[in-house]
There are 2 protein chains.
Amino acid sequence: MTQPKADPRVLRTRKLIMDSFIELSGKQEFKDITVKDITTEANINRATFYYHFEDIYDLLDKALSEVLSVNLNAIDFEKSELNETSITHIFVAVTDFQRALSSRCHRGYDETIARIIREQLEIIFYRMLRQQHATEEYEPHKMTAVILSWGIYGASVEWRRDRMESLPEQYIKSAIPFLMSGIEPLAQGRIS
Amino acid sequence: MTQPKADPRVLRTRKLIMDSFIELSGKQEFKDITVKDITTEANINRATFYYHFEDIYDLLDKALSEVLSVNLNAIDFEKSELNETSITHIFVAVTDFQRALSSRCHRGYDETIARIIREQLEIIFYRMLRQQHATEEYEPHKMTAVILSWGIYGASVEWRRDRMESLPEQYIKSAIPFLMSGIEPLAQGRIS
DNA sequence: TTCCATTTGTCGGATAGACAACACATTGAT
DNA sequence: ATCAATGTGTTGTCTATCCGACAAATGGAA
């Protein structure tokens with residue numbers, strides 16, 4: 001969408017910064033990581049950091065988006081459609097992501113992380129819906145994507161609150177009938 | 001010695017180029033590797049290659065020197081002196097290096113490789129000798145380093161010609177008495 | 001041989017990144 | 001409260017790298 005150019009230098013430098021940040025995140029808490037730490041680890045100048053990112057929160061935002069995006073793209077949603085299999089994969093990817101984060105001590109940034117997850121989910125849901133119904137209008141798909149992203153994210157929160165007693169694959173299974181067929185079939189008892 | 005500056009960009013790019021070259025060397029013969037191949041693998045511009053290296057032979061030279069130098073520095077010769085142990089280590093490093101090269105197909109460049117090995121050996125022998133006899137003159141050490149570098153390299157060639165029947169550690173052992181004490185003690189039977 | 005494609009080495013203009021210096025918080029120890 | 005130390009964000013200058021283009025060399029196929 002927004003790739004007018006792709007200077008190898010900026011790709012390299014952005015990757016360096018993000019990798020260094022993720023590396024440091026495994027060693028110390030987010031609040032203890034300074035811009036200097038990151039740029040030292042990445043062997044770049046501190047001023048260069050500010051050339052690419054507003055501040056360290058901007059980096060947190062983009063780095064987590066990147067990680068989650070890679071996880072989600074592993075499903076190669078471009079080719080697959082929105083069905084039981086892909087929804088399950090996506091839900092598992094979200095719970096995996098949150099589990100990875102909880103062991104990496106980004107406490108106090110739950111709301112930021114929640115927003116990032118929902119944004120990424122909305123993006124891929126929207127893409128998949130558009131692809132699946134190429135001829136129809138786009139506007140309704142936007143709304144569907146919003147609801148799906150909040151719904152799936154909420155389900156992951158509930159799953160965590162239930163102390164992760166069941167496997168994510170099992171947990172999301174009961175939501176599939178509604179997600180696929182909506183409310184009516186449920187009320188009419190058409191779905192088991 | 002010659003480090004006026006150390007721009008991180010230069011270090012990064014040189015390492016990228018060398019690593020890509022060594023990577024490609026494992027897949028295809030040297031004569032089939034083009035500058036374009038290397039810069040593509042390294043994700044840098046082709047013009048940047050010529051900013052750092054005269055041509056691909058200059059790269060071969062510096063890359064091999066670098067690899068050998070790393071092998072040799074693992075002995076941390078700066079701290080150790082020239083004795084049976086360090087000489088054995090150095091000889092083993094040389095034979096290891098040649099074995100690694102023979103499996104990487106740099107055929108037709110034996111003379112280049114031989115020169116590189118001797119140059120590196122001469123450098124470290126000279127450093128060790130100067131450090132070991134800090135108060136004396138430097139000139140005789142230069143000559144000693146030259147002879148040692150040719151001698152040790154020659155020994156490694158002979159070892160290869162003998163089809164590597166014995167371990168390098170064993171092979172070089174018989175040279176230690178002469179190297180340490182010179183000709184006279186041998187003639188006088190002072191050394192077993 | 002001629003033709004065609006690829007590689008090589010070099011150039012000039014544009015830009016990302018390095019570096020030093022700066023003012024301004026924030027923190028912590030005395 | 002004060003001072004020193006450290007982190008933040010910005011600016012200006014200089015340089016390494018990018019990119020496109022070029023002529024010359026190389027090499028293989030017709």
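Throughout, protein chains are lettered first and strands after them, A, B, ... in sequence-line order, and every chain is numbered starting at 1. The analysis underlying the following values was restricted to heavy atoms, covering all of them including side chains, and did not include hydrogens, waters or symmetry mates.
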Asks: Once you round it to whole Å, what is the distance between C1' of D/dC18 and CD1 of B/I44?
Replies: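 Atom-to-atom, B/I44 to D/dC18, this comes out as 10 Å.
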
Asks: Provide, to the nearest angstrom, the distance between the CD1 atom belonging to A/I17 and the P atom belonging to C/dG17.
Replies: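 My rounded result for the distance is 8 Å.
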
Asks: Using side chain to side chain contact (heavy atoms under 4.5 Å, CB included), reason through A/I123 and A/R127 one step at a time and then give a plain yes or no.
Replies: CA-CA 6 Å; A/I123 290 171; A/R127 282 197 212 163; 3.7 Å; yes

Asks: Under a 4.0 Å threshold between the charged nitrogen and the carboxylate oxygen, would A/E119 count as salt-bridged to A/R115?
Replies: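 Between A/E119 and A/R115 there is a salt bridge, with a charged N closer than 4.0 Å to a carboxylate O.
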
Asks: Name the nucleic acid region contacted by A/R14, choosing base, sugar-phosphate or nothing; use a 4.0 angstrom heavy-atom cut-off, strictly under.
Replies: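 Nothing: the residue A/R14, judged by heavy atoms under 4.0 Å, touches no strand.
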
Asks: Might you list the N or O atoms of the protein lying below 3.5 Å from N or O atoms in nucleotides 23-27 of chain C, with each pair's distance?
Replies:
none

Asks: Specify the angle, to 10°, made by the local axes at the two ends of the helix from C/dT1-D/dA30 to C/dT30-D/dA1 when five pairs are taken at each end.
Replies: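 Angle reported: 40°, given to the nearest ten degrees.
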
Asks: Donor-acceptor check, side chain of B/W159 to backbone of B/G154, threshold 3.5 angstrom: yes or no?
Replies: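 Absent.
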
Asks: For the pair made of CD1 in B/I33 and C1' in C/dT7, what is the distance, rounded to whole Å?
Replies: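 After rounding, the gap between these two atoms is 15 Å.
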
Asks: Within the pair B/H52 and D/dA16, is there a side-chain N or O less than 4.0 Å away from OP1 or OP2?
Replies: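 Negative; the distance criterion is not met.
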
Asks: Side-chain contact test, heavy atoms from C-beta onward, threshold under 4.5 Å: evaluate it for B/I116 versus B/D61 and give yes or no.
Replies: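 Yes, close enough: below the 4.5 Å cut-off.
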
Asks: Reckon A/N43 touches a base, only the sugar-phosphate, or nothing at all at heavy-atom distances under 4.0 Å?
Replies: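 Counting heavy atoms under 4.0 Å across all strands, the contact made by A/N43 is with sugar-phosphate only.
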
Asks: Checking side-chain polar atoms at under 3.5 Å, does B/N45 have a donor or acceptor matched by the opposite partner on B/T48?
Replies: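 The answer is no; no qualifying pair exists.
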
Asks: Using whole Å, what does the distance between atom P of nucleotide D/dT26 and atom CG of B/D32 come to?
Replies: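 For the pair B/D32 CG and D/dT26 P, the rounded distance is 17 Å.
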
Asks: For B/Y126, is the NZ or CZ atom of B/R130 found under 6.0 angstrom from the centre of its six-membered ring and inside 45 degrees of the ring axis?
Replies: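 Ring-cation test returns yes.
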
Asks: Rounded to the nearest angstrom, tell me the gap between atom CZ in A/R12 and atom P in D/dA16.
Replies: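 Nearest whole value for this atom pair: 15 Å.
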
Asks: Distance check needed: C/dT7 P versus B/K31 NZ, whole Å only.
Replies: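 Roughly 14 Å, once rounded to whole Å.
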
Asks: Evaluate side chain to side chain contact (heavy atoms under 4.5 Å, CB included) for A/L60 paired with A/F21, printing each intermediate quantity in order.
Replies: CA-CA 8 Å; A/L60 172 66; A/F21 174 60; 3.9 Å; yes

Asks: Which sits closer to the 5' end of DNA chain D, A/K36 or B/Y51, going by the nucleotide each is nearest to?
Replies: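 The 5'-side residue here is A/K36.
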
Asks: Would you sort out whether B/F91 and B/Y153 count as a side chain to side chain contact (heavy atoms under 4.5 Å, CB included), showing the intermediate values?
Replies: CA-CA 8 Å; B/F91 184 72; B/Y153 172 73; over 6 Å; no

Asks: As a test of reading the structure: which of C/dT7, D/dT17, C/dA18 is closest to the side chain of B/T34, going by heavy atoms?
Replies: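 Output: C/dT7.
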
Asks: Start with the C-alpha distance between B/E23 and B/K27, add both sets of side-chain angles, then the distance that settles salt bridge (charged side-chain N to carboxylate O under 4.0 Å, His left out), and finish with yes or no.
Replies: CA-CA 7 Å; B/E23 172 72 19; B/K27 297 177 186 165; 3.5 Å; yes

Asks: Please tabulate the protein-to-nucleotide N/O contacts below 3.5 Å involving nucleotides 9-11 of chain C, giving atom names and distances.
Replies:
residue: C/dG9; atom: OP2; partner: B/Y50; partner atom: OH; Å: 3.1
residue: C/dG9; atom: N7; partner: B/R46; partner atom: NH1; Å: 3.1
residue: C/dG9; atom: O6; partner: B/R46; partner atom: NH2; Å: 3.1

Asks: Please determine whether a side-chain nitrogen of the Lys or Arg among B/K62 and B/E66 lies less than 4.0 Å from a carboxylate oxygen of the Asp or Glu.
Replies: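 Not counted as a salt bridge, because no side-chain N and carboxylate O are separated by less than 4.0 Å.
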
Asks: Salt bridge between B/K173 and B/E169, side-chain N to carboxylate O under 4.0 Å?
Replies: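 Looking at B/E169 together with B/K173, the answer is no, because their closest N to O distance does not fall below 4.0 Å.
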
Asks: Given atom CG of A/N45 and atom P of D/dT8, what is their separation to the nearest angstrom?
Replies: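 For the pair A/N45 CG and D/dT8 P, the rounded distance is 14 Å.
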
Asks: Going by modelled atom types, is there a donor-acceptor pair between the base of D/dT17 and the side chain of A/R9 at under 3.5 Å?
Replies: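 Answer yes: a donor N or O sits under 3.5 Å from an acceptor.
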
Asks: Could you verify whether a donor N or O on one side chain and an acceptor N or O on the other, from B/T34 and B/D37, lie under 3.5 Å apart?
Replies: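 Yes, B/D37 and B/T34 have a side-chain donor paired with an acceptor closer than 3.5 Å.
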
Asks: In whole angstrom, what separates A/I38's CD1 from D/dG7's P?
Replies: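 That distance rounds to 12 Å.
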
